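Atoms within each ligand, like the ligands themselves, are counted from 1 in listed order. The structure presented is a predicted model; accordingly, all values stated were derived computationally and were not measured. For this chain, numbers begin at 1 and follow the sequence in order.
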Amino acid sequence: MKQLDPHDFLALDDELDDAERNVRDTVRAHATTEFLPQVNEWYARGELPRDIAKELGALGLFGMQLTGYGCAGASPAAYGVVCRELEAVDSGLRSLVSVQGSLAMFAIHRWGSEEQRQEWLPRLATGEALGCFGLTEPGSGSDPASMRTVARRDGADWVLNGAKTWITNGTTADVAVIWAATEEEGIRGFLVPTETAGYSSTVITDKLSLRASLSTDIFLEDVRVPSSAVLGRAPGLGPALSCLNEARFGILWGVIGAARTCYASALDHTGRREQFGRPLAGFQLSQRKLAHMVVEITHASLTALRLARLKRAGTLTPEQISLGKLANARSAIEVARSARTMLGAGGLTLAHPVMRHMTNLEAVLTVEGTEEVHELVLGRAVTGIPAFR
Ligand code: TGC
Ligand code: FAD
């Protein structure tokens with residue numbers, strides 16, 4: 001009988017092309033040998049060392065779907081498998097790549113001037129510089145249109161005032177993409193070098209999820225930037241939301257990696273651990289859980305692959321991305337929760353990766369649009385009736 005791969009039951013990776021498989025193998029090997037041995041330490045300390053960015057940059061993983069300026073011009077599926085293999089180790093690694101590449105770099109590449117691109121993209125691509133993306137505010141999370149951060153013209157300059165919260169890497173970034181409301185032109189993006197007077201940031205230290213990632217508050221007090229700091233093309237919320245599409249696409253791939261690790265851990269443990277005189281994996285109730293995990297991971301992988309091919313064809317819509325982010329993040333956390341039960345008490349510790357992934361996935365459910373936001377996006381798409389407000 002044909003031997004099926006328990007970690008890729010429908011052999012979906014056979015659908016990848018050679019370049020996509022190569023990057024998968026490179027990143028999987030690097031993440032497993034270099035990052036995995038350290039991840040519990042980072043998680044316990046609540047940090048991700050700054051040098052990791054240079055390693056990821058050297059592998060060409062930042063802004064890898066972008067072209068020019070030192071970016072790899074890779075396919076959507078190549079980016080997807082990178083997110084998957086990094087998040088198989090920890091969501092914090094995938095988050096770094098998402099924020100740097102899909103949010104900060106994409107914003108500059110898609111909406112910036114040639115001068116802005118030349119100034120920032122090559123350094124961001126190598127990881128020499130770090131970027132962050134400031135959209136969320138204390139009073140404005142799911143509803144960014146209600147933001148209170150303002151930018152007002154003062155001669156040839158703009159002056160920004162306000163606060164952002166939950167911003168990944170706000171304390172370590174060299175440049176912050178800050179979204180602010182203007183009187184004349186609605187919401188605009190600004191490139192703010194973090195050394196600018198009036199910019200300050202502090203780490204949110206009591207976070208119980210995604211600990212191998214820095215979440216920060218940013219304060220903007222009379223931050224003065226020249227008019228060349230405006231992300232030039234197209235005002236309004238649309239440009240900010242267009243960046244989220246890119247990051248959501250990475251997440252819907254990434255969570256498959258976290259789910260796969262949880263499932264693999266449960267499969268391995270229940271194959272070895274005996275109770276009532278036989279391996280836990282031999283009980284029907286265990287097998288039902290494992291079968292459910294295989295189904296969820298396979299469905300998530302099919303969704304991700306299809307969305308990657310639509311993206312490559314240039315026809316992928318934000319609503320289709322919402323479906324993927326909603327479905328795959330939800331599947332991944334279900335897998336993680338089920339895997340946790342199969343490990344018994346040990347599953348509550350860092351001896352197994354599962355609880356770490358499970359708590360990470362709580363953040364992943366919330367970031368880049370909560371479950372409810374994506375349900376409302378889908379609801380609007382199928383009914384034609386917006387129900388956000
Ligand atoms: P709405 O009226 O629907 O749209 C305003 C304008 O934006 C356009 N638009 C989009 N454009 C591109 N991509 C999308 N996904 C878009 N969605 C909408 C729209 O066409 C319109 O354009 P125009 O020209 O007509 O003005 O806006 P709304 O205010 O009703 O809000 C819709 C809603 C709720 C879906 C949106 O606000 C939303 O997505 N909210 C969730 C916020 C969010 O996801 N924040 C994420 C912050 S970044 C982050 O979490 C990083 S986590 C790091 C990590 O990955 O680990
Ligand atoms: P809220 O919007 O207050 O939502 C709370 C609850 O109410 C949710 O369940 C939500 O679904 C529900 N809800 C809201 N509106 C509705 C509605 N209309 N109908 C029904 N239910 C509703 N942001 C950035 O800008 N940059 C970053 O780099 C960044 N990184 C992050 C990293 C981490 C680890 C975390 C946790 C968050 C990060 N965020 C970042 C912020 C993130 O995008 C927001 O947390 C998210 O958009 C939700 O906003 P909120 O937390 O204010 O929740």
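- By the 3.5 Å distance cut-off applied to N or O atoms, Phe133 is counted among the residues near ligand 2.
- Ranking protein heavy atoms by distance to atom 9 (N) of ligand 1, first place goes to Leu241 CD1, 3.7 Å.
- Considering backbone and side-chain atoms together, Val373 places no N or O closer than 3.5 Å to any N or O of ligand 2.
- Contacts with ligand 1 closer than 4.0 Å are made by side-chain heavy atoms of Val377 only, the backbone lying farther away.
- Taking every non-hydrogen atom of Asn245 and a distance limit under 4.0 Å, the qualifying atoms of ligand 1 come out as 12 (C), 13 (N), 14 (C), 15 (N).
- Of the charged side-chain nitrogens involved, at least one lies within less than 4.0 Å of a carboxylate oxygen, so that Arg309 and Glu20 count as a salt-bridged pair.
- Near Ala145, with a cut-off below 4.0 Å to any heavy atom, the atoms of ligand 1 are 29 (O).
- Distances from atom 3 (O) of ligand 1 to the protein include at least one heavy-atom value under 4.0 Å.
- A salt bridge between Arg260 and Asp5 is absent, with no side-chain N of the basic residue lying under 4.0 Å from a carboxylate O of the acidic one.
- Residue Trp253 forms a side-chain contact (heavy atoms from CB on, under 4.5 Å) with just one option from Leu86, Val82, Leu305, and that option is Leu305.
- The nearest non-hydrogen atom to atom 12 (C) of ligand 2, considering only Glu371, Glu372, Glu375, comes from Glu372.
- There is a protein heavy atom less than 4.0 angstrom from atom 17 (N) of ligand 1.
- Near Ile251, with a cut-off below 4.0 Å to any heavy atom, the atoms of ligand 1 are 55 (O).
- Residue, atom and distance of the protein heavy atom nearest to atom 28 (O) of ligand 2 are Thr168 N, 3.0 Å.
- Inspection of the Ser242 and Trp111 side chains reveals an N or O donor paired with an N or O acceptor under 3.5 Å.
- Crowding of Phe283 atom CZ: a count of heavy atoms from other residues, nucleotides or ligands under 6.0 Å exceeding 12.
- Closest protein heavy atom to atom 16 (C) of ligand 2: Leu376 CD1, 4.7 Å.
- Regarding atom 52 (S) of ligand 1, its nearest protein heavy-atom neighbour is Val367 CB, 3.5 Å.
- Residue Leu103 has at least one heavy-atom neighbour below 4.0 Å for each of these atoms of ligand 1: 51 (C).
- Remark: atom 5 (C) of ligand 2 lies closer than 4.0 Å to no protein heavy atom.
- In terms of protein heavy-atom proximity, atom 46 (C) of ligand 2 is nearest to Thr366 O, 3.5 Å.
- At the shortest separation from atom 56 (O) of ligand 1 among protein heavy atoms lies Ser95 OG, 2.7 Å.
- Annotation: atom 43 (O) of ligand 2 to nearest protein heavy atom, Thr136 OG1, 3.5 Å.
- A salt bridge links Glu362 with Arg337: at least one charged nitrogen is closer than 4.0 Å to a carboxylate oxygen.
- In terms of protein heavy-atom proximity, atom 47 (C) of ligand 1 is closest to Thr136 OG1, 3.8 Å.
- In Val99, the part holding a heavy atom less than 4.0 Å from any atom of ligand 1 is the side chain.
- Counting only heavy atoms, the protein never gets under 4.0 Å from atom 22 (O) of ligand 1.
- For atom 33 (C) of ligand 2, the closest heavy atom belonging to the protein is Val367 CG1, 3.5 Å.
- Below 4.0 Å from some heavy atom of Leu210 lie the following atoms of ligand 2, by number and element: 34 (C).
- Under the 30°/60° scheme for interplanar angles, the aromatic rings of Phe249 and Tyr79 are found to lie parallel.
- In terms of protein heavy-atom proximity, atom 10 (C) of ligand 2 is closest to Thr370 OG1, 3.6 Å.
- Judged purely by atom type and a 3.5 angstrom limit, Glu87 has no side-chain atom pairing as donor or acceptor with the backbone of Ile251.
- Compare Arg248, Glu87, Arg94 by their heavy atoms: the one nearest to atom 39 (O) of ligand 1 is in Arg248.
- Nearest non-hydrogen protein atom to atom 50 (P) of ligand 2 is Gly141 CA, 4.0 Å.
- A donor and an acceptor atom, one from each side chain of Arg28 and Thr32, are nowhere located under 3.5 Å apart.
- In this model, no donor atom of one side chain and acceptor atom of the other lie less than 3.5 Å apart for Glu372 and Ser142.
- Of the options Leu290, Leu285, Leu267, Leu280, a side-chain contact (heavy atoms from CB on, under 4.5 Å) to Met342 is made by Leu290 and by none of the others.
- With a 4.0 Å cut-off on non-hydrogen atoms, Ser98 touches ligand 1 through its side chain and not its backbone.
- Some N or O of Trp166 is nearer than 3.5 Å to an N or O of ligand 2, by distance alone.
- Ligand-side atoms of ligand 1 in range of Pro318: 13 (N), 14 (C), 15 (N), range being under 4.0 angstrom from any heavy atom.
- Two residues are said to be in side-chain contact when any heavy atoms from C-beta on lie closer than 4.5 Å; Val335 and Leu361 fail this criterion.
- Of the candidates Gly92, Pro386, Ser215, Ser142, the one placing a heavy atom closest to atom 15 (N) of ligand 2 is Ser142.
- In summary, the atoms of ligand 1 found under 4.0 Å from a heavy atom of Arg389, numbered by their order in the structure, are 28 (P), 29 (O), 30 (O).
- Among protein heavy atoms, atom 33 (C) of ligand 1 sits closest to Phe388 CE2, 4.3 Å.
- Arg330 has its side chain out of reach of His374: every pair of non-hydrogen atoms, C-beta onward, lies at least 4.5 Å apart.
- Near Leu135, meaning under 4.0 Å from one of its heavy atoms, ligand 2 places the atoms 25 (O).
- Within the listing of ligand 1, atoms 42 (C) sit less than 4.0 angstrom from a heavy atom of Gly141.
- Closer than 4.0 Å to atom 26 (O) of ligand 1 lies none of the heavy atoms of the protein.
- Using a 4.0 Å cut-off between heavy atoms, Leu244 contacts ligand 1 through its side chain alone, with no backbone atom that close.
- At the shortest separation from atom 11 (N) of ligand 1 among protein heavy atoms lies Gly238 O, 3.8 Å.
- The distance from ligand 1 to the heavy atoms of Ser242 drops below 4.0 Å at these ligand atoms: 12 (C), 13 (N).
- With a 4.0 Å heavy-atom cut-off, ligand 1 is reached by no atom of Val364.
- Between Ala387 and ligand 2, not a single N/O pair is under 3.5 Å apart.
- What you find for Val159 and Asp222 is that their closest heavy atoms are CG1-CA, 3.7 Å.
- The part of Arg380 lying near ligand 1 is the side chain, judged by heavy-atom distances below 4.0 Å.
- Close contacts of ligand 2 with Phe388, meaning ligand atoms under 4.0 Å from a residue heavy atom, involve 18 (N).
- Of the protein's non-hydrogen atoms, the one nearest atom 40 (N) of ligand 1 is Ser142 O, 2.9 Å.
- Here the protein heavy atom with the shortest distance to atom 51 (C) of ligand 1 is Glu368 OE2, 3.1 Å.
- Side chains of Glu85 and His30: no donor on one and acceptor on the other come within 3.5 Å.
- The proximity of Leu210 to ligand 1, defined as any non-hydrogen pair under 4.0 Å, does not occur for either the backbone or the side chain.
- In summary, the atoms of ligand 2 found under 4.0 Å from a heavy atom of Ile167, numbered by their order in the structure, are 24 (C), 25 (O), 26 (N), 27 (C), 28 (O).
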